[in-house]
Structures are given as C-alpha cells and as structure tokens.
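Below you'll find the structure, written out as structure tokens, and then a few comments.
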Protein chains: 2
Amino acid sequence: MTPQPGDADRVTIHDVARAAGVSRQTVSNAVNNPERVRPDTLERVRAAIDELGYRASSSAQSLRSRRAGAVGIELHTLGAHNATTAPVLTALSIGAARHGCHIVPFGSQSGHPMLEGYRSMWAGRLVDAFVLAETHHGDPRPPWLEEQGIPYATFGRVWDDPTFTRWVDVDGGAGTEDAVRHCRDQGYERVAFLGWPAGSVVGDDRRSGWARACADAGGVAGPAAVAEQDLDDATATATALLEHLSPGDAVVCASDVLALGVHHALVRRGLEPGRDVGVVGFDGSETATMHHLTSVAQPFEAIAETCLDLVSAALEGSPPPEHGSLLRPTLTTARSTRA
Amino acid sequence: MTPQPGDADRVTIHDVARAAGVSRQTVSNAVNNPERVRPDTLERVRAAIDELGYRASSSAQSLRSRRAGAVGIELHTLGAHNATTAPVLTALSIGAARHGCHIVPFGSQSGHPMLEGYRSMWAGRLVDAFVLAETHHGDPRPPWLEEQGIPYATFGRVWDDPTFTRWVDVDGGAGTEDAVRHCRDQGYERVAFLGWPAGSVVGDDRRSGWARACADAGGVAGPAAVAEQDLDDATATATALLEHLSPGDAVVCASDVLALGVHHALVRRGLEPGRDVGVVGFDGSETATMHHLTSVAQPFEAIAETCLDLVSAALEGSPPPEHGSLLRPTLTTARSTRA
DNA sequence: ACGGTTGATTTGAACGATCAAATGGATAGG
DNA sequence: CCTATCCATTTGATCGTTCAAATCAACCGT
C-alpha cells in the first residue's frame, strides 16, 4: 500500500505534479516559494507531497545550483586524535543539518602530497568549501586555498596571515584565568602551572592567562614547569614540581594529559587530588571526566556553529568578518578542585 | 595563465571536447572506456584534460547514475565516544576514496525520533546506503532499513536477526584468548578476569575467550570479577580482586577502562603493572597507549574496509555473503605485561 | 466591449554527465 | 562497382530540478 522507495520507483517532482494536477514548476514553487502559489493549490500540492513522500533529489539540486551543499574536513590517522577533532567533527555533522548542508570527512592518503586530498575533493566539486582544523605555523593549506580561490574557514587562527579573519579559536588565556580564579575561590593558596615548552602559540597563550590571573589576585603564582604532551613526562615533571608545593596549593595545566600527570604524581605520593592539591586540566576531554579532573572545556558546539556560519557566509559572498572569533571556554568542575 | 577554477569558469566536458576537437561523448569515453577511443585521439583528449585540469562533476554523475556515491553513518553526542567509533569513522573516510565514494556522518538531532536522521538522509538520496555502528539488542534500525529496502552494513552483529550477514565484528573471544596466552608466555602464573556484568553479548564473549584459554592452558584461571564501564567502579573492584592475587599473576580485562582501573589499583598499593601483576585491556584505545597498557587492539582499518566492501556489494546487487565477518583483533604489547 | 494590469500557472531551457542509437568512413567480399 | 561489416565518433535523449520567459485567466476602468 504505502509507497516503497525501492530506488527504482523514486518519487520525482513529476510524480507529484501529476498527482496534484499541476505542472512541475508549481510543485517546485510550492516547496521553495509558497507565497507564489494560490492557497488552495498549495494545499493540494502539499497533500500530494505528503501522500507520495516526495523529497527533492539532492543530486539534481546540486547540478542545477552548482552547489554540492557539502563542506569537507580533513582527518588524520596520525596518532592522537587530539581529543578535540573528533568532538568538533560530531558537532559539525549535527550542526550542518541546520545549515542545509552536510560534512564530508576525507583522509589524507599517506604517501600522497599534503594537499592532494583537498585538490581531489575540490576538483569534482564534492564540496563547496573546507573547514581546517589544527592549523599551525607554516601551514601550507591556507595560502594554497587562497590562491585557488577556494572558500574555507578554520578552527585555530591562521598564524601566518593576520589579515585572514574567517577563523574561530578558543581563548586559552581566558580559560586558564578562569581556572586560577576558580582555584582561589575554592580556597587554594598558591597556583602553580604545568605547561608545554615555550614556543607553541597555544601553550604560551594558556600560560599567559595563568600568569595574568595570578598577578591580578596578588602574587599567588606558584612555580611553573614544562613537560611534553606525554603522560610519562608529565608525571615525572609533576613529581618534581610537587617538591615545591604544599598541601592547599593547586596546579593549573595546559592540557588534560598534563593534568593527568599531576593526578598520578599526587596519587603516587599518597596525596589526593582536590583534598590535598587542586588540579585543573584543559580541553574537557574524556580522560578528564573519567578521572574527575576539573578542566577548561572547549565549547565544541559553538566552535562548530561558528565554523559553519563562516563558510556559509563565504559561500554567499559576504565580506569576511572584521575579526576572528575568540570563544571563551567554560570550566567544568570536578573532584580535583574540591578541598 | 594557469586556469583559475574560480567556480564560475568551471571546466566541463564540453570545454575539453572543444579543446581537443572532439565531441563530449568521446571525452567521456576517453575517461571511462579508453579502449573505445583510437590511440591518437585518446592522447589528444588526455592532453586537453591535463591542460584544462578537467574533473567530472560529481553532481552531474550522481544525477545521471542515480547514485549519490556516499555512505551515511550516524554519530552520537552521547558522552563516551566509545573509543572505537571515532577511529572507525576515520578509517572509513580514508578507505572510502578507494571505493569511489565518500562518507557522510550525520547527527541524531536530540529530541527527534531515533530514525529521523536516517529517513532524511535517505529521502533526498544524500546517501546510497548506511553503515551502522554500535548495534545492540532490540536495535530498531535494522528492521526499519530492511522494511524500507535501504542497503546497509553493520559494525557489530545484528543480534535480533541471525539471517542478516552483512556485518563485521571483532572476535572478542579470540582476543582475550590471545591475551591469556600472551600472559602465560610472559611467565605470569594465574590469569584473572575483570569483565562487565553478565548479559552483554560483547562482554560475555570476551569473558568466554578468557575461560577457554585458561582451561586450554591447564587450569591457570584466576578469579573473575565484574565492574561497570566506569573508572571508579573498575578501580574499586580491581582493588578487591587484588586481594585474591599474588605477584606474578595477571588480569585480563574486557575493556581499557577496566584495565586502567586495575592499573590504578596496583599503583595505589605500591605495585607496578607488569613487574608485579600483568594487565591487559581491550580496544587499543589512546588511554591504553598513554598508560603503556598491553591491549587487544581493534583492527580499525580492516573493519572499515570490510564495511565498505559490504555496502559496495549490496549496492551492486550481489547476494549477501554466506556468513558475517568475524575479524581477529591483534594484541598490542606494552609495559603492563613485561615482568 | 476592449487594451492594460495583475497574478497564477505552464513551457522551454539549462545544469554536466552518460547511455543508446545513429552517422560517417574505411575495408573486405561478392 | 555495390553492398555488408566493422570501428571511431557524433547526435539525441535523459537523469530531476529550477530559472526565465511565455501563457492564460480574471479583473479593472473608460
């Protein structure tokens, strides 16, 4: 009885037109410009659409409009899924529906040149634009895309080109400031910092927020130490750092991995994170949640939404925004900062 | 000088035809059926293609072939990214290129009925098929897709329908068997098990492999305990479990989270994973890598590849395979099983 | 009753590709 | 020399949709 969309008998605009006794264009109007259709006709067409379960073919629309209605995003196999890329991808995929488009993740084929994936996606116009994640100094992608005239937006500033403003990023400094303030509110005495080696823009930013907030609070800054984004190194460094801390102090970290290192160092000394020494991580990753670590959580939904807004705007030909978007992360509190 | 693909001046098959002095169909043949074209003509056409940088428009091909050339996969925001869905998605995205298609992840809009995402993706034929991850008992998706005649393959068996064979799954039992054997090879005495509460098919499967291998090795089975997929519970349960173990024993776990619980329980007792008690997790997640836990790693690339093969076959109308594919996971060894 | 205007609806064309059938030329066979 | 066969290539039509222009009907004022 009900129409079986077995693919062979796909319902087209013609079928609806015939069923409603109107022309195909009227059906198209009923869907896209209802105000151009007389109310009673509209009613009849809509009934036919519901009856037959019609939905416009996206391939046909793409061909006509010369728009794929898709945004590409590159995924790396390369070890660490960064704890941020996956959630951003999820948020993008969900948010895309609201923007009338979809996301197409593609892989960088190992062995191929860096930009090959982008080139082939663009060549067949599988996508109308790209979202770049994990931008870094010397990133070859922005200049190449710019040169090709391909629209894109980035999660992460485009460090090499200050004129580019179609970016979203997280205000790491504001995040660590919040972290320090939270520690003080919770009654911790001094606030130490465990960060990455100087030179990484993201790391330096996060450290500066800690320094600022400590100064604002009146010299509560504890010692600062540096470790790689590696649990062993973090744990070792944290162990050494603890030598210079006393119960009642706290450590703000540049990442959840570093914070986990502090957590482990504490436990190994028989101390309890939170009760004895406060610990705050950064990223709001699953690792932090699992270990009940207070963490500065990335606003994934907002990041995705802004990226989509940026590419949408670019596709509509709007001029780029005045400035990039610096989003404020929010602190997720847990046991590790409860005294 | 070089052609600027600014979208307005997109190179079409007509442009190539004109440049090469042939008809559009000859260009099409040169690309898709080179043997039908005389060698010298072929040469000329190929030169024109390279010169202009022509690539067939995927929208046009989709319309003509009535194939979107895409496979949909649903992503959940719901907390745990399962540690497996993200890597599988990455592997799928990369593998898709080899299959001449791409992956379209879509989100289940919260508040909407479960199947709405699938329905809308299918309605506009944005995808030709779906890959389902995280299948479970009472999953409403397979019967619905079946009823609609929509092609799909699953990662995880379809428990409610034994006749369905378009699935890939990981042989959990074989994985834990390997884990037990590895423990014995490393010289551990008894091998205990930390699993999930009975009733989950995956969990029971993993436990059975442990039991089997222990029996084969001649009653080396240590005690078994049960905890939820939660670090605190795992740690508590592991602490109790350790009461019944001695140095030189090992614990095989149903997941990396459980294994991490054992790791923490050991550390808190001043014992060292590996040297004192062996620990093996399951999934090969980042958590395991970070903590140097030996783990039964999921074969993500093979899983993705098989899923793609299955949907490709389904789209070509091939009959379903005789049986589902049960892939053997491989053990990733690390410090936690080094005595 | 007739041109003029408005509004609803229909027809023609195009998006870019490919299948199917038609065309043109060269060669072989009667 | 004329037809049959074969190969390379071209033309026509189509996929489903939407823009632009054409058609049609109703209504208005003079």
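Model, not experiment: these values are computed from the prediction. To find a chain, count down the sequence lines: A is the first, B the second, and so on, and within it residues start at 1.
Regarding A/Arg18, its CZ atom lies at a distance of 16 Å from the C1' atom of C/dT10, rounded to whole Å. For the pair A/Leu63 CG and C/dA17 P, the computed distance is 9 Å after rounding to whole Å.
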Reading nucleotides 18-28 of chain C from 5' to 3' and marking B where a protein heavy atom lies under 4.0 Å of the base, S where only the sugar-phosphate is that close, and - otherwise, the string is BBB--------
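Taking CZ of B/Phe155 as the reference point, atom OG1 of B/Thr84 lies at 5.0 Å (rounded to 0.5 Å). Rounded to the nearest 0.5 angstrom, B/Arg10 CZ and A/Arg66 CZ are separated by 8.5 Å.
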Let me check something: any side-chain donor-acceptor pairs from residues 53-60 of chain A under 3.5 Å, sequence neighbours excluded? List them with distances.
from    : atom 1 : to       : atom 2 : distance (Å)
A/Ser57 : OG     : A/Ser59  : N      : 3.3
A/Ser57 : OG     : A/Ala60  : N      : 3.1
A/Ser58 : OG     : B/Gly124 : O      : 3.1

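Within the 4.0 angstrom heavy-atom criterion, only backbone atoms of the sugar-phosphate kind lie near B/Ser57; the bases stay farther away. If you check every strand for non-hydrogen atoms under 4.0 Å, B/Thr12 touches sugar and phosphate atoms only. Counting non-hydrogen atoms under 4.0 angstrom, B/Ser62 reaches nothing in the nucleic acid. When heavy atoms are screened at a 4.0 angstrom cut-off, B/Thr41 is found touching the sugar-phosphate backbone but no base atom.
Remark on DNA chain D: of its neighbouring residues B/Arg44 and A/Ala60, the 5'-side contact belongs to B/Arg44, judged by nearest-heavy-atom nucleotide. Along DNA chain D, the nucleotide closest to B/Gly21 and the one closest to B/Ser65 are compared, and the more 5′ of them pairs with B/Gly21.
Once you apply a 4.0 Å limit to the heavy atoms of chain B, the touched nucleotides of DNA chain D run 5' to 3' over D/dA8 to D/dG16.
Shown here for A/Val45 and A/Ala30, the closest heavy-atom pair between the two residues is CG1-CB, 3.6 Å.
Within a 6.0 Å sphere centred on CD of B/Glu35, other residues, nucleotides and ligands contribute more than 12 heavy atoms.
In this structure, B/Leu326 and B/Trp167 have side chains that are in contact, with non-hydrogen atoms separated by less than 4.5 Å.
Under the 6.0 Å distance and 45° angle rule, B/Arg119 does not count as a cation-pi partner of B/Trp122.
Comparing the helix axis at one end of the helix from C/dA1-D/dT30 to C/dG30-D/dC1 with that at the other, each defined from 5 consecutive pairs, gives an inter-axis angle of 70° (nearest 10°).
In this structure, the side-chain hydrogen bond (donor to acceptor under 3.5 Å, both in side chains) partners of A/Ser312, at least two apart in sequence or on a different chain, are A/His99. With sequence neighbours excluded, no residue satisfies side-chain hydrogen bond (donor to acceptor under 3.5 Å, both in side chains) with A/Ser120.
Under 4.0 angstrom from either OP1 or OP2 of C/dT11 there lies no side-chain N or O belonging to A/Ser23. Taking only side-chain nitrogens and oxygens, A/Thr26 comes nearer than 4.0 Å to OP1 or OP2 of C/dT10.
A parallel orientation is assigned to the rings of A/His137 and A/Trp159, their planes being inclined by less than 30° (bins at 30° and 60°).
Using a 4.0 Å cut-off between charged side-chain N and carboxylate O, A/Glu43 and A/Arg46 make no salt bridge.
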